[in-house]
Amino acid sequence: MKSEPQVYSIEDLKQENTTIWDGVRNYQARNYLKQMQIGDIAFFYHSNCKNIGIIGLMKIVETNVFDRTQFDTKSPYFDEKATENKPRWHTVKVQFKEKFEEIISLNTLKQQFTEEELLVVKKGNRLSVIPVPENTAQKILLMSSK
DNA sequence: GCCAACGTTGGC
DNA sequence: GCCAACGTTGGC
């Protein structure tokens, strides 16, 4: 799950402990959010910044949460086509789990994994929520504990 | 349903 | 700041 650290970083999550992962406005990403289950582990990815890469772990603690920002006219994520009765955007609540001592940089990820193994290394990939195959996830966890 | 125009993401 | 690679919008 990607976030721009200038907007919301893993430090922010660490301080808050939990947060509703709102602001996703892409149907494919939303569908991946939908598939998540309570207890699932997600990687926190810092994007569009100086140190790009996977910075830590979080846990999914609630699923099918309404993204309230879609109803908020003052929010940049306001969606005029969404109503309380017919919301378009739901998401998950995540809990801070771990911040890696060292970021696993995009460069490292590119060296270790193919596009098939880890979609985030694919050029032009813009999805902010991406599934990670189990094999790949296990390898990344090993890399983080070095 | 096609596709040009436009807007956004995100690495570099 | 640039720009490739998308996704979305809207006219037709």
Side-chain angles (χ1 to χ4, degrees), chain A residues 1-16 18-36 40-60 62-144 146:
Chain A
M1 297 167 79
K2 296 184 192 172
S3 182
E4 303 188 11
Q6 319 86 282
V7 179
Y8 194 86
S9 73
I10 193 153
E11 284 298 330
D12 295 321
L13 179 60
K14 189 176 181 181
Q15 281 186 19
E16 286 193 309
T18 65
T19 193
I20 291 174
W21 201 265
D22 53 20
V24 174
R25 291 295 178 271
N26 173 289
Y27 284 105
Q28 211 179 335
R30 185 202 65 181
N31 292 341
Y32 287 134
L33 286 168
K34 225 181 208 174
Q35 291 173 15
M36 292 180 181
D40 281 353
I41 301 300
F43 293 109
F44 196 128
Y45 180 92
H46 279 175
S47 69
N48 198 20
C49 58
K50 194 160 174 243
N51 292 314
I52 305 160
I54 298 175
I55 186 65
L57 303 176
M58 46 196 177
K59 193 204 281 188
I60 310 303
E62 203 178 324
T63 57
N64 267 310
V65 184
F66 283 172
D67 182 339
R68 303 298 313 173
T69 61
Q70 68 188 306
F71 308 123
D72 179 2
T73 53
K74 290 181 201 135
S75 168
Y77 303 120
F78 173 68
D79 183 345
E80 56 179 6
K81 290 175 184 165
T83 64
E84 292 273 351
N85 286 335
K86 280 199 172 175
R88 295 174 114 190
W89 307 104
H90 19 74
T91 181
V92 296
K93 187 189 264 188
V94 296
Q95 181 175 40
F96 174 82
K97 185 171 164 66
E98 183 184 335
K99 181 186 176 184
F100 296 160
E101 280 180 33
E102 240 181 286
I103 196 166
I104 305 178
S105 70
L106 178 58
N107 233 336
T108 301
L109 293 170
K110 279 182 174 167
Q111 286 168 22
Q112 296 288 325
F113 300 108
T114 65
E115 292 175 7
E116 291 75 27
E117 288 167 328
L118 186 63
L119 271 168
V120 83
V121 305
K122 189 174 181 179
K123 191 187 174 192
N125 166 71
R126 288 167 42 190
L127 273 184
S128 63
V129 180
I130 313 172
V132 180
E134 187 64 33
N135 274 350
T136 303
Q138 292 302 334
K139 284 181 192 166
I140 295 172
L141 288 175
L142 283 176
M143 289 162 70
S144 73
K146 265 179 202 163

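Sequence lines set the chain letters: A, B, ... in the order given, protein chains first and strands last, and positions in each chain run from 1. Quantities reported herein were computed from a predicted structural model and do not represent experimental measurements.
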Side chain of [X] only, heavy atoms from C-beta on: which candidate in [options] is closest?
| X | options | answer |
| --- | --- | --- |
| A:Tyr27 | B:dG11, C:dA4, C:dT8 | C:dT8 |
| A:Lys81 | C:dG7, C:dT9, B:dC12 | C:dT9 |
| A:Ile52 | C:dA5, B:dG10, B:dG11 | B:dG11 |
| A:Asn26 | C:dG7, C:dA4, B:dG11 | C:dG7 |
| A:Lys123 | B:dG10, C:dA4, B:dC12 | C:dA4 |

Answer yes when A:Lys123 and A:Glu115 have at least one side-chain N-carboxylate O distance shorter than 4.0 Å, and no when they do not.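 Looking at A:Glu115 together with A:Lys123, the answer is no, because their closest N to O distance does not fall below 4.0 Å.
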Measure the distance from [atom1] on [X] to [atom2] on [N] and round it to the nearest whole Å.
| X | N | atom1 | atom2 | answer |
| --- | --- | --- | --- | --- |
| A:Arg25 | C:dT8 | CZ | P | 12 Å |
| A:Trp89 | C:dG7 | CH2 | P | 13 Å |
| A:Gln28 | B:dT9 | CD | P | 15 Å |
| A:Leu109 | B:dG10 | CG | P | 15 Å |
| A:Ile54 | B:dG10 | CD1 | P | 14 Å |
| A:Leu127 | C:dT8 | CG | P | 10 Å |
| A:Glu4 | B:dT9 | CD | C1' | 8 Å |
| A:Arg88 | C:dG7 | CZ | C1' | 13 Å |

Flag side-chain contact, heavy atom, 4.5 Å: A:Leu119 against A:Leu127: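 No, their side chains stay 4.5 Å or more apart.
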Between A:Gln138 and A:Glu134, is there a side-chain donor-acceptor contact under 3.5 Å, judged purely by atom types and distance?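 Yes, because at least one side-chain N or O of A:Glu134 sits under 3.5 Å from a partner of the opposite role on A:Gln138.
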Need one value for A:Lys110: base, sugar-phosphate or nothing, where a base atom within 4.0 Å counts as base even if backbone is also close, heavy atoms only.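 Answer is sugar-phosphate: A:Lys110 comes under 4.0 Å of backbone atoms only.
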More than 12 heavy atoms of other residues, nucleotides or ligands under 6.0 Å from CZ of A:Phe66: yes or no?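 Atom CZ in A:Phe66 is not crowded, with 12 or fewer foreign heavy atoms closer than 6.0 Å.
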Taking atom CD of A:Gln6 as the centre, does the number of heavy atoms from other residues, nucleotides or ligands within less than 6.0 Å exceed 12?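 Atom CD in A:Gln6 is crowded, with more than 12 foreign heavy atoms closer than 6.0 Å.
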Can a side chain N or O of A:Tyr45 be found less than 4.0 Å away from OP1 or OP2 on B:dG11?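 Yes, because at least one side-chain N or O of A:Tyr45 sits under 4.0 Å from OP1 or OP2 of B:dG11.
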